[in-house]
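These notes concern the structure reproduced below.
Residues take their numbers from the sequence shown, with the count starting at 1. In each ligand, atom 1 is the first atom listed, and ligand 1 is the first ligand listed.
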Amino acid sequence: MINLSIIIPIYNEEESILKLYQELKKVLSNLDMQYEIIAVNDGSDDNSYRVLKKISQNDNAFKVVNFRKNFGQTAAISAGIDISKGEIIIPIDADLENKPEDIPNLLNKLNEGYDIVSGWRKHRWKESFFTRRLTSYIANLLISKIVGLKLHDYGCTMKAYKRDVIKDIKFYGDMHRFIPAYAMWYGAKIAEIPIDHEPRQYGESKYGIGRTFRVLLDILTVKFLTDYLNRPMHFFGRIGFWLFFFSFLSGISALCLKVFLGISLILTPLPLLTVFLIVIGIQFILMGFLAEILIRTYYESQNKPIYLIKNKINF
Ligand code: UDP
Ligand code: MG
């Protein structure tokens with residue numbers, strides 16, 4: 001019986017894998033637990049798969065899931081979770097940014113009676129304050145406020161989960177960082193501890209500044225899905241009523257100006273433009289929500305997986 005599953009999403013990390021494996025082994029063999037390490041090769045173009053295969057030949061506890069193509073970090077983690085057996089699940093980045101030595105700390109905290117213990121890379125991004133540290137700080141603050149769960153580092157892959165609380169959560173897009181938010185919604189108890197962190201040594205980050213915007217959009221979706229999924233009309237309807245209200249106000253004031261002051265409605269195009277842009281913006285956001293719902297129907301009604309596995313080793 002396996003107690004602990006370590007899950008590693010891997011996209012072009014050939015230089016880091018072996019070192020990570022050795023560090024993991026050192027830590028895991030000192031724990032009194034039955035463990036498995038599941039490496040998910042997310043369509044790497046480099047030698048990652050060959051390195052993984054080699055390791056798996058000498059170690060039965062090291063299992064490999066090989067994707068057909070690059071499906072993204074969320075899909076990789078999700079596949080690892082689906083296929084894992086452990087009661088406790090800990091995903092960890094492949095690039096040696098997370099330190100396996102923190103695993104015992106996460107486990108100890110979990111044993112205090114939590115369902116999820118989230119890692120917090122307290123000293124991350126010291127080098128690039130404005131592009132990384134500040135944006136990450138603001139994003140985490142925003143997520144905490146909106147979701148109602150205060151975490152310093154939603155983006156940290158390294159978190160310890162009890163299987164019970166995440167087995168029913170479905171993953172989409174880039175959403176792995178919101179697992180705690182969904183879990184909280186289902187009543188999970190969540191804690192956070194600072195963990196060690198080292199800047200990436202080999203290869204480069206698979207994400208750029210564009211991620212910030214994607215995360216901000218994801219926050220809106222999470223908020224919408226947790227608060228309004230089973231009563232969307234309260235959401236759409238409220239916006240609708242406010243729009244009616246403002247259009248009533250603007251209509252009345254336009255009429256008043258015309259009737260009492262004789263000011264023509266068409267003296268400047270600016271009011272029209274403003275209204276036009278706002279309306280379109282709102283339409284876009286609302287359509288985004290509709291699309292989110294549709295995409296869920298699409299996947300769930302047809303039981304489509306968000307990833308495709310080419311082969312597996314040691315299962
Ligand atoms: N990753 C992945 N698929 C992707 C992008 C990333 O499996 O499409 C893995 C990557 O190999 C690494 C982890 O996800 O193990 C985190 O990626 P990265 O280090 O680039 O993110 P950052 O640390 O910059 O947030
Ligand atoms: Mg990294």
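If you look at Phe71 and Tyr307, their ring centroids are not closer than 6.0 Å. Taking the six-membered ring for Trp, Phe235 and Phe289 have ring centres closer than 6.0 Å.
Regarding atom 19 (O) of ligand 1, its nearest protein heavy-atom neighbour is Asp95 OD2, 2.6 Å. For atom 9 (C) of ligand 1, the closest non-hydrogen atom of the protein is Pro9 O, 3.6 Å. Ranking protein heavy atoms by distance to atom 6 (C) of ligand 1, first place goes to Lys206 CG, 3.5 Å. Scanning the protein for heavy atoms near atom 1 (N) of ligand 1, the closest one is Tyr11 CB, 3.8 Å. Ranking protein heavy atoms by distance to atom 24 (O) of ligand 1, first place goes to Ser205 OG, 2.5 Å. Arg200 NH2, 3.5 Å is the protein heavy atom nearest to atom 18 (P) of ligand 1. For atom 17 (O) of ligand 1, the closest non-hydrogen atom of the protein is Tyr207 CE1, 3.8 Å. Of all protein heavy atoms, the one lying nearest to atom 16 (C) of ligand 1 is Asp93 OD1, 3.4 Å.
Remark: side-chain polar atoms of Asp95 are not paired, donor with acceptor, to backbone N or O of Arg200 under 3.5 angstrom. Not one N or O on the side chain of Asp42 forms a donor-acceptor pair closer than 3.5 Å with the backbone of Phe67. Although no hydrogens or angles enter the test, the distance criterion places no donor-acceptor pair under 3.5 Å between the side chain of Ser5 and the main chain of Ile89. A donor-acceptor pair under 3.5 Å is absent between the side-chain atoms of Asp102 and the main chain of Ile195, judged by distance alone.
More than 12 heavy atoms of other residues, nucleotides or ligands lie within 6.0 Å of NZ in Lys25, so this atom counts as buried by the packing criterion. Applying the 6.0 Å contact sphere to NZ of Lys85 captures no more than 12 heavy atoms from other residues, nucleotides or ligands. Shown here is Glu112, whose CD atom has more than 12 heavy atoms of other residues, nucleotides or ligands within 6.0 Å.
Ligand 1 places these atoms under 4.0 Å from at least one heavy atom of Glu13: 10 (C), 11 (O), 12 (C), 15 (O).
Among heteroatoms of the N, O or S kind in Asp95, OD2 lies nearest the Mg ion (ligand 2). The atom of Glu97 that is an N, O or S and sits closest to the Mg ion (ligand 2) is OE2.
How far CD1 of Ile77 is from OG of Ser84: 12.0 Å, rounded to the nearest 0.5 Å.
Using a non-hydrogen distance threshold of 4.0 Å, Arg121 does not register as a contact of ligand 1.
Taking any N or O of Ala94, backbone or side chain, at least one lies under 3.5 Å from an N or O belonging to ligand 1. Taking only nitrogen or oxygen atoms, main chain and side chain alike, Asn70 reaches within less than 3.5 Å of ligand 1.
The side chain of Arg124, and not its backbone, has at least one atom closer than 4.0 Å to an atom of ligand 1 (non-hydrogen atoms only; side chain from C-beta on). Proximity of Asp42 to ligand 1, defined as any heavy-atom pair under 4.0 Å, is confined to the side chain (atoms from C-beta onward). Neither the backbone nor the side chain of Arg177 comes within 4.0 Å of ligand 1, counting heavy atoms alone.
Between Arg124 and Glu97, at least one side-chain N (NZ, or NE/NH1/NH2) sits under 4.0 Å from a carboxylate O, which counts as a salt bridge.
Nearest residue to atom 14 (O) of ligand 1 from His176, Arg211, Gln73 is Gln73 (criterion: closest heavy atom).
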